[in-house]
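Just so it is clear, the values below take in all heavy atoms, side chains as well, and ignore hydrogens, waters and symmetry mates. Note that ligands are numbered from 1 as they come in the structure, with each ligand's atoms numbered from 1 the same way. Values in this document were obtained by computation on a predicted structure and should not be read as measured data.
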Amino acid sequence: MGFTRDIKIAPSILSADFANFGKECEAIEAEGCDWVHVDVMDGHFVPNITFGPATCAAIRPHIKGVMDVHLMIAPCDPYLEAFAKAGADVITIHAEAGPHLDRSLQLIRDLGCKAGVALNPSTPASAIEHVLDRLDLVCVMTVNPGFGGQSFIDMSAKIRALRSMIGDREIHIEIDGGVSPATAPIVAAAGADVLVAGSAVFKGGTVRNPAPYGENIRAIRAAAEGALTAEAAE
Ligand code: DX5
Ligand code: ZN
């Protein structure tokens with residue numbers, strides 16, 4: 001997992017066919033995605049339940065690239081080892097998911113995974129100011145977590161603040177929620193490099209007809225990269 005700030009598209013399997021996760025992961029990778037984003041929800045930290053480490057372990061052999069696990073669970077510490085053993089490459093926790101963010105991030109790295117922090121729309125960029133050297137990724141939520149298909153909330157000012165706070169550190173800025181060809185340029189121009197997209201990737205396709213996944217991935221990538229080209233030309 002070499003570090004680059006190139007645009008990476010990370011489909012969220014929250015919008016996939018839950019009875020076909022293995023094939024869905026293979027299909028989105030074959031159609032050109034960069035990472036696979038896996039949303040874990042506990043019905044407590046967020047008002048929805050998805051699945052846990054056993055499902056992550058079951059889909060792991062169907063993912064060749066990066067398995068990006070987004071934990072919307074609290075407390076998170078008792079479960080970090082199980083998600084690492086399930087094969088997560090990146091484990092992202094929410095800033096509010098435990099009493100000691102610094103300790104949780106150390107634990108994720110000690111388990112051999114990349115460590116991420118997700119910031120809800122109401123959580124300020126300053127929440128990570130004192131843990132920057134323990135971080136590999138910051139996930140800026142552009143919806144309130146819990147459901148796919150919600151409307152994009154513009155967090156450009158927060159993304160720009162994080163980009164400047166991060167400086168030369170090898171920390172990805174990931175965007176999660178409401179990403180589409182219409183909103184990708186906004187977040188790319190602000191400094192994001194990993195774009196999570198659920199509904200905008202899976203719409204129109206199925207495991208039997210995955211070509212629309214590829215069209216959707218290319219449309220989001222082109223929109224994001226177009227914004228960067230336009231900015232460089234200014
Ligand atoms: C929201 C999840 C997202 C979600 C994104 O709680 O973390 O990953 O699936 O879905 P879309 O792209 O449909 O907004
Ligand atoms: Zn997510």
Side-chain angles (χ1 to χ4, degrees), residues 7-18 21 24-25 28 31 33-53 55-56 59 63 66-74 76 79 83 86 88-97 108 113-123 136-155 159 172-188 192-205 212-213 215-221 223-224:
I7 295 292
K8 290 164 282 296
I9 308 296
S12 161
I13 59 166
L14 186 61
S15 293
D17 174 0
F18 271 45
F21 274 149
E24 290 276 45
C25 291
I28 50 178
E31 292 295 332
C33 79
D34 300 285
W35 293 9
V36 176
H37 184 82
V38 180
D39 284 311
V40 175
M41 304 185 186
D42 66 354
H44 167 76
F45 182 71
V46 290
N48 193 8
I49 299 176
T50 54
F51 47 75
T55 302
C56 293
I59 64 177
I63 299 171
V66 172
M67 183 158 95
D68 175 33
V69 176
H70 177 192
L71 297 183
M72 287 161 271
I73 68 174
C76 60
Y79 305 100
F83 286 101
D89 295 294
V90 182
I91 297 180
T92 296
I93 57 176
H94 275 255
E96 297 85 359
I108 294 171
C113 301
K114 301 281 186 194
V117 172
L119 305 177
N120 287 330
S122 64
T123 306
D136 302 292
L137 177 146
V138 54
C139 174
V140 178
M141 297 301 304
T142 39
V143 297
N144 287 293
F147 303 95
Q150 303 183 84
S151 304
F152 177 80
I153 303 171
D154 191 348
M155 289 283 135
I159 299 166
H172 296 289
I173 298 184
E174 177 177 74
I175 307 299
D176 192 359
V179 171
S180 69
T183 57
I186 302 168
V187 297
D193 62 292
V194 185
L195 309 191
V196 174
S199 43
V201 165
F202 285 93
K203 73 166 187 204
Y213 299 166
E215 289 159 22
N216 296 335
I217 289 167
R218 287 190 291 279
I220 297 166
R221 192 191 303 281

In ligand 1, which numbered atoms sit nearer than 4.0 Å to a non-hydrogen atom of His70? 7 (O)
For Val196, the atoms of ligand 1 under 4.0 Å from one of its heavy atoms are 8 (O)
Between Val40 and Tyr79, is any pair of side-chain heavy atoms under 4.5 Å apart? no
Please walk me through it: do Ser180 and Phe152 pass side-chain contact (heavy atoms from CB on, under 4.5 Å)? CA-CA 9 Å; Ser180 69; Phe152 177 80; over 6 Å; no
Starting from atom 12 (O) of ligand 1, locate the nearest protein heavy atom and write down its residue, its atom name and how far away it is, to 0.1 Å. Gly198 N, 2.7 Å
Could you pull out the closest heavy-atom pair between Ile73 and Asp42, with the gap in Å? CA-OD2, 3.2 Å
Can you give me the closest heavy-atom contact between Gly148 and Leu14, atom names plus distance? N-CD2, 3.6 Å
Taking all atoms of both residues into account, what is the closest heavy-atom pair of Gly178 and Thr183, and its distance? O-OG1, 2.9 Å
Establish, from distance only, whether the side-chain atoms of Asp39 and Ser12 form a donor-acceptor pair under 3.5 Å. yes
Quick check: Val179 and ligand 1, any N/O pair under 3.5 Å apart? no
Taking every non-hydrogen atom, the tightest pair across His44 and Ala74: CD2-O, 3.0 Å
Test item, Phe147 contacting ligand 1 (heavy atom, 4.0 angstrom): yes
Distance under 4.0 Å to a non-hydrogen atom of Met72: what atoms of ligand 1 satisfy this? 6 (O), 7 (O)
From CZ (Phe18) to CZ (Phe51), nearest 0.5 Å: 5.5 Å
Taking heavy atoms and a distance under 4.0 Å, where does Pro145 meet ligand 1: side chain, backbone, both or neither? both
Check this for me - ligand 1, Ser199, N or O atoms closer than 3.5 angstrom, yes or no? yes
Which of the atoms in ligand 1, numbered in the order shown and given with their element, are less than 4.0 Å from a heavy-atom of Gly177? 14 (O)
Nearest heavy-atom contact between Val66 and Val90 is CG1-CG2, 4.1 Å
When the ring planes of Phe202 and Tyr213 are compared, do they come out parallel, tilted or perpendicular, using 30° and 60° as the limits? perpendicular
Which pair of non-hydrogen atoms, one from Val143 and one from Ser151, has the smallest distance, and what is that distance? CG1-O, 3.5 Å
Ser12: numbered ligand 1 atoms lying under 4.0 Å from its heavy atoms: 8 (O), 9 (O)
N, O or S atom within Asp39 nearest to the Zn ion (ligand 2), by name: OD1
Element-labelled atoms of ligand 1 that are located less than 4.0 Å from some non-hydrogen atom of Leu14: 4 (C), 9 (O)
Can you figure out which of Gly146, Gly178, Ser180, Ala197 has its heavy atom closest to atom 6 (O) of ligand 1? Gly146
Heavy-atom contacts with His37 under 4.0 Å: which atoms of ligand 1 show up? List them by number with element. 8 (O)
Measure from the Zn ion (ligand 2) to every N/O/S atom of Asp176 and report the name of the nearest one. OD2
I need the nearest protein heavy-atom contact for atom 5 (C) of ligand 1: residue, atom name and distance, please. Asp176 OD1, 3.6 Å
Nearest N/O/S atom of His70 with respect to the Zn ion (ligand 2), by atom name, please. ND1
What atoms of ligand 1 come within less than 4.0 Å of a heavy atom belonging to Gly148? 10 (O), 13 (O)
